[in-house]
Structures are given as C-alpha cells and as structure tokens.
Protein chains: 2
Amino acid sequence: MARPRTAARTVEHPDLSEVSLQQVLEALVDPVRRMVVSQLARAGEDKSCGTFDAPVSLSTLTHHLNVLREAGVIRQYYRGTAKLNTLRAGEMEEQFPGLLSAVVHASAAESEEGVA
Amino acid sequence: MARPRTAARTVEHPDLSEVSLQQVLEALVDPVRRMVVSQLARAGEDKSCGTFDAPVSLSTLTHHLNVLREAGVIRQYYRGTAKLNTLRAGEMEEQFPGLLSAVVHASAAESEEGVA
DNA sequence: GCCATAGTACGACCGCCATCGAAACCGGAC
DNA sequence: GTCCGGTTTCGATGGCGGTCGTACTATGGC
C-alpha cells in the first residue's frame, strides 16, 4: 500500500484522561515495569527496548512496555530500526499529581538503601 | 496458656522501615482495598470492619484488612467487640513521601468525576 | 537483490491472589 | 451461666497475568 518511507510505523497512545488510576497502579505494581520506569527516569532521555536491564526475556520486556504504554506511563516512537521509549512524566503529573514521582522517588530510595 | 484477661487481643504491626514499596503498591492496587483506604481517609476517624461499604463478603474484607495492615497502611486495634481500623497516614508519608496521599487524592478525583 | 539486526505476535504454561461459604471463636449483655 | 453479634480462620475454587520460546515482520546497510 505504498506506505510512506519516512515516519513509518506509528504507535497508539491513550489520552491520559482516558486512563484509570487502576490501570496506572497495575502498571506500576510489577517490579520489572518499575525497573523500566526507574531506568527511564534516571537516564533522563529515551532508551530503546534492547537497552533496558531487566531479568526477563525480550518478548516479556515487549509485553511490559506495551502495558506501560497503554497505561499512559511511557511514549514510544520509532527511529530507524530502534523503538525508543520515554516517560510521559509531565502529563502524568497533571493527571495523577504526585503519583509517578512518589513511586520513582521511593524506588530510588530503596535501591540506594541497598548501596548504603 | 493463661492469656491475660485484659488487654487481650493484640495485633502485630510492622515497622514501616521493614515494609517494601512492593508491598505497599500491592496493597493499594486492589480496588476493594483502595475503597477501604478512601473511606478511612474520608471518614477522618476509625472504622470497624463491619462498617465498610465494599462489594465483597465479610471474610474477604477481613483478608483485605490483613493485607493493608501487613503493608503498614492501616493500624488495627480492638475496642470492646469491635476491631477498629485507622490509617497510618503520617508514618506512610515519612517512609513513602507523597505516595499514599497521591493515591487517595487520585481516587477521590476519579469518583468525583463520576458524580460531576 | 540479500542479510543482519531490532522488535513483535502468538500460544501455552504456571503460579498466585481474590473470592466465597461454613465453621470456629471471642467478648459483652443479660 | 447462656445467647448473640461481630470477626476470624480454613480450605477450595477460579481467573488473571507474567513468563517463555518460536515464528514472523520490518528497517537499514551492503
């Protein structure tokens, strides 16, 4: 169907007003997904699927990224062969004030404690 | 074994420093438990098991209250025949800053939206 | 054109947790 | 003492979700 060569694959993202608190909490309750979120928050910038450090297979990781995207926590977009992921921190803050930041912060605090 | 007549049944509560973020999130991810927390937050004061409005049987409700207690979210104590429940909001705020309040707030916002 | 690389879709398995009903329990009222 | 209402424990059940491997697709480089 002569799909455009550039700006090729696009990804569906929910409007945050359509996302329920339940969805967000379910997304954040899984340890692997919280790792992903933490790594995104720490990295400061976009990471591709393969660059996450997680104790699961790639297909499982894809699954987790889908859940996070559907919960409105991350945004995904293609660039070249890679699919990049970024936190929707600002929007989340608007829709669920303090929630994502509290989780990220507590998560970081817990892992520091292990180091200290 | 000659259990003391007074100050009878006591309940074990974890120190919040022993509670993991994982535990807290698992406690808060269940809709019924979030209802309980919301009702406690709104009521302002202690509620007995039987006074919660939840679409589950009493035995299930007991189970949920146990989970919340073990996660450090609520404190329980006996008074007469009743077992009262109260939020450990202050302690939670210290250990997991912003977390419980964000969830309670978002929860309230969502139910208001249904009303509006 | 071909190949290599990155990610995805699908289907199956398995363990965990919410749920219930019924029976036991405990404290207080009488 | 006996009864009663409130709460808990136990065991069984059912469904959902995390996990994996494999087969597949798509993009970019050669």
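All chains are named by letter (A, B, ...) in the order of the sequence lines, taking the proteins before the strands, and each is independently numbered beginning at 1.
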Under 4.0 angstrom between T62(A) side-chain N/O and dG7(C) OP1 or OP2: no
For V29(B), the option from L28(A), L25(A), L21(A) that meets side-chain contact (heavy atoms from CB on, under 4.5 Å): L25(A)
Sugar-phosphate, base or nothing in reach of R33(A), heavy atoms under 4.0 Å: sugar-phosphate
hbond_proxy T81(B) side chain to dG28(C) base (donor-acceptor, 3.5 Å cutoff): no
Nearest to side-chain heavy atoms of D30(A), which nucleotide of dG18(D), dT19(C), dT8(C): dG18(D)
Cation-pi geometry met for K83(B) and Y77(B) (6.0 Å, 45°): no
R79(A) vs V56(A), nearer the 5' end of DNA chain D by closest nucleotide: V56(A)
d(OH, Y77(B); P, dC26(C)) in whole Å: 22 Å
Sugar-phosphate only, base, or nothing, as touched by V67(A) at under 4.0 Å among non-hydrogen atoms: nothing
For atom CG of L61(B) and atom P of dT9(D), their distance in whole Å: 13 Å
Presence of S59(A) side-chain N/O under 4.0 Å of dA9(C) phosphate oxygens OP1/OP2: no
Atom pair distance, as rounded to whole Å: CG in N66(B) and C1' in dT8(D): 8 Å
Value in whole Å for how far the P atom of dG7(C) lies from CG of N85(A): 9 Å
Comparing G80(A) and H63(A) on DNA chain D - which has the more 5′ nearest nucleotide: H63(A)
Residues S59(A) and T62(A): side-chain donor-acceptor under 3.5 angstrom: no
Under-4.0 Å salt bridge between R75(A) and E91(A): yes
Sugar-phosphate only, base, or nothing, as touched by H64(B) at under 4.0 Å among non-hydrogen atoms: sugar-phosphate
